[in-house]
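Below is one structure, written out as structure tokens, with a few remarks after it.
All residue numbers refer to positions in the sequence shown, counting from 1. Worth saying up front: this structure is predicted, and the values here are computed from it rather than measured.
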Amino acid sequence: MLERIAEIIKEQLNADGITITMDTSFEKDLEADSLDLFELVMTLEDEYGVEIPSEELENLTTVGEVIKYLESKGVEA
């Protein structure tokens with residue numbers, strides 16, 4: 001799942017050349033603002049067929065946290 005999410009992140013945030021890992025922080029490493037994150041969440045919702053409430057988004061600060069959240073909603077790699 002990390003590979004596909006990394007592709008989406010690189011496309012959404014114009015982050016080519018950045019290595020995306022489970023520990024990658026959206027704010028610190030990718031310099032994503034709230035609009036970037038909102039657009040990213042919309043793409044992930046479409047891709048994986050889940051809804052990520054905005055109040056949950058505040059707790060998802062790294063790529064790994066997003067993956068764990070998706071897995072907790074039944075999304076499989």
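- Within a 6.0 Å sphere centred on CD of Glu7, heavy atoms belonging to other residues, nucleotides or ligands number more than 12.
- More than 12 heavy atoms of other residues, nucleotides or ligands sit less than 6.0 Å from atom CE of Met1.
- Looking at heavy atoms from C-beta onward, Asp36 lies out of side-chain contact with Leu40 at the 4.5 angstrom threshold.
- Remark: Met42 CE to Ile52 CD1 distance equals 11.5 Å, nearest 0.5 Å.
- Heavy-atom neighbours of Glu55 CD from other residues, nucleotides or ligands within 6.0 Å: above the threshold of 12.
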Check your understanding: side-chain contact (heavy atoms from CB on, under 4.5 Å) between Ile5 and Tyr48: does it pass, once the steps are laid out?
Key -> CA-CA 10 Å; Ile5 288 182; Tyr48 293 105; 3.7 Å; yes
Output side-chain donor-acceptor pairs under 3.5 Å for residues 8-16, partner residues at least two apart or in another chain, one line each.
residue : atom : partner : partner atom : Å
Lys10   : NZ   : Ile18   : O            : 3.3
Gln12   : OE1  : Thr43   : OG1          : 3.1

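- Taking each heavy atom of Thr21 and Thr24 in turn, the nearest pair found is N-OG1, 2.7 Å.
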List, one per line, each side-chain donor-acceptor pair under 3.5 Å for residues 63-75, sequence neighbours excluded.
residue : atom : partner : partner atom : Å
Glu65   : OE1  : Thr61   : N            : 2.6
Glu65   : OE1  : Thr61   : OG1          : 2.9
Glu65   : OE1  : Thr62   : N            : 3.3
Ser72   : OG   : Tyr69   : O            : 2.6

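- Residues passing the side chain to side chain donor-acceptor pair (under 3.5 Å) test with Glu31: none are found, sequence neighbours excluded.
- Phe26 is connected to Val50 through a chain of hydrophobic side-chain contacts under 4.5 Å among Ile, Leu, Val, Met, Phe, Trp and Tyr, so both are in one cluster.
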